[in-house]
Number of protein chains: 2
Amino acid sequence: MPSQAEENYLKAIYHLGKQGCLSVNTNAVAKKMNTKASSVTDMLKKLAEKELVNYIKYQGVCLTDEGKRTASNIIRKHRLWESFLVEKLNFSWNEVHDVAEQLEHIKSQKLINELDVFLNFPTHDPHGDPIPDKEGNVQKSQKIFLSQINPGVSCSCAGVKDSADNFLQYLDKNNIALGTNIQVIVKEPFDESLILKINHSTLTISKEIANNIYVKIN
Amino acid sequence: MPSQAEENYLKAIYHLGKQGCLSVNTNAVAKKMNTKASSVTDMLKKLAEKELVNYIKYQGVCLTDEGKRTASNIIRKHRLWESFLVEKLNFSWNEVHDVAEQLEHIKSQKLINELDVFLNFPTHDPHGDPIPDKEGNVQKSQKIFLSQINPGVSCSCAGVKDSADNFLQYLDKNNIALGTNIQVIVKEPFDESLILKINHSTLTISKEIANNIYVKIN
DNA sequence: GCCATTTTTTAGACTTGTCTAAAATTATTT
DNA sequence: AAATAATTTTAGACAAGTCTAAAAAATGGC
Ligand SMILES: [Mn+2]
Ligand SMILES: [Mn+2]
Ligand SMILES: [Mn+2]
Ligand SMILES: [Mn+2]
């Protein structure tokens, strides 16, 4: 059974390696994990030993099927716990990450199955990210950014790209939550800033903000 | 902030040291923690360094006020999580301990406060043990064993002394749960075994069993 | 009060996960 | 195609938590 540290590394490699095999490099993992490259190398050797990753010296690393299964199971737990915190314990979406980061490592199959039942089989976490199923399958949704929406079109918030605390707080402050209806009124050609209509009030946002919000066209 | 290992030691010392100060000896801790005495000595030195215990070489150990606060907070978390698992996630009382043993170490004040609210401020866990309040105060209940009840008297199950898995399963099998009504019909003088009436059916139990069940006289 | 037994501590070793500094390898310039 | 720069790995160290084996202290019997 993988240790907490191993699980965190697997998750980091999973998130970094959306492309193909042998694509994730040591420095990228070190940056994501807030450790040094030398620590990453040590861990990669251990994970390779356990056949959770394919690792070739100097070439990069990727998850094996077993590693992928393990990683997506941790992500499943992380997102189910985030959902629990928001749905049942009055957490807001910018408060859940650190706690879920701990809860995802609790070892109990029954616990996570029953949590899933208790939450009525949610498909997405509070940030709009899909919750992998028991087999590790993740629902692939083609994500559109708010920045890609043309003036006059109405859409609703389907998630965020970067769920950094201060970004989520910005959204809260401006009454944008998961599912909130957004209409693009004007797209300024000069800086690509947008004027939106949200709940009968208008809001101007920068290109950077619009590039961090996923939407679904109504 | 104490590590997971430190928290487990503090809890063990707390449970062993119901008497007075300097009463808990190294071997007792080692036995409870399933470690060797030498490991305990090492840890006691570290905990003493952090002023969580008073420790005198060869004399024994006890918790400081700060240590007591920390320990009872972990026990509070343990018992709240056990309650959650039984109340909300369909765990039975013999399945909760190992999971709560992990969950008790999650660091988040908001989490435990909200869990308390969500469960509607429970006072006892699924085994009948009192849940310490935020300040660490534990409701002291004078515990009576079923073995102390005289024939003809009616009482209800208020908890168990040893919540070992196979003991709890024995109780489940015989339809004894927290709150179950129990009437003592006969107390056999020879071996102190009891004949009970539970839900209109009779059950004979040994002295050992009766010594593990706490009851409240109706 | 002394000897034997038990309890407790020390000494030294090991694993996991981390670090710094130096060496090796790969990538990029010119 | 070298030389330089960047990335990655190795070497050696450290803290936490554990162990075994040996030494030290306390306890109990007589
Ligand atoms: Mn984590
Ligand atoms: Mn999330
Ligand atoms: Mn524990
Ligand atoms: Mn309990």
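Sequence lines set the chain letters: A, B, ... in the order given, protein chains first and strands last, and positions in each chain run from 1. What you are looking at is a predicted structure, and each value in this text was computed from that prediction instead of being measured.
- Nearest-nucleotide positions on DNA chain C place Y58(B) closer to the 5' end than the other of Q4(A) and Y58(B).
- Of the candidates dT9(C), dC19(D), dT7(C), dC19(D) carries the atom nearest the S39(B) side chain, counting heavy atoms from C-beta on.
- Look at Y55(B) and you won't find any side-chain N or O under 4.0 angstrom from OP1 or OP2 of dT8(C).
- Between the CD atom of Q59(B) and the C1' atom of dA25(D) there is a distance of 10 Å, rounded to whole Å.
- The salt bridge (charged side-chain N to carboxylate O under 4.0 Å, His left out) with D116(B) is formed by just one residue from the set K110(B), R79(B), K134(B), R76(B); it is R76(B).
- Under 4.0 angstrom from either OP1 or OP2 of dA21(D) there lies no side-chain N or O belonging to K36(B).
- For the pair N8(B) CG and dT18(D) P, the computed distance is 9 Å after rounding to whole Å.
- Residue contacts shown for A37(A) include a base, since a base heavy atom lies under 4.0 Å away.
- Taking the centre of each ring, H97(A) and H127(A) stay at or above the 6.0 Å mark.
- A donor and an acceptor atom, one from each side chain of S83(B) and D125(B), are nowhere located under 3.5 Å apart.
- Protein atom NZ of K31(A) is 13 Å distant from nucleotide atom P of dT8(D), rounded to whole Å.
- Residue D42(B) is classed as a base contact, given a heavy-atom separation below 4.0 Å to a base.
- As a whole-Å value, the separation of I56(B) CD1 from dA26(D) P is 12 Å.
- T41(B) comes within 4.0 angstrom of a nucleotide base, judged by non-hydrogen atoms across all strands.
- A straight line from CG of L44(A) to C1' of dT9(D) spans 11 Å, rounded to a whole angstrom.
- Here the nucleotide nearest the side chain of T26(B), chosen from dT9(C), dT10(C), dA26(D), is dT9(C).
- The distance between atom CG of N34(B) and atom P of dC19(D), rounded to the nearest whole Å, is 9 Å.
- At a threshold of 4.0 angstrom between heavy atoms, the contacts of S38(B) include nucleobase atoms, whether or not backbone atoms are also involved.
- Looking at the side chain of T35(B), the nearest of the listed nucleotides dT9(C), dC19(D), dT9(D) is dC19(D).
- Taking side-chain N and O atoms only, N27(B) has a distance below 4.0 Å to OP1 or OP2 of dT8(C).
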Chi angles and distances behind the side-chain hydrogen bond (donor to acceptor under 3.5 Å, both in side chains) call for T64(A), N54(A): CA-CA 6 Å; T64(A) 62; N54(A) 293 125; 5.8 Å; no
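- Within the structure, every side-chain polar atom (N or O) of K57(B) is placed at least 4.0 Å from both OP1 and OP2 of dA26(D).
- Atom CD in E6(B) sits about 8 Å away from atom P in dA16(D), given to the nearest Å.
- Between F84(A) and F84(B), the distance from one ring center to the other falls under 6.0 angstrom.
- dT18(C) atom P lies 11 Å from atom CG of L47(A), rounded to whole Å.
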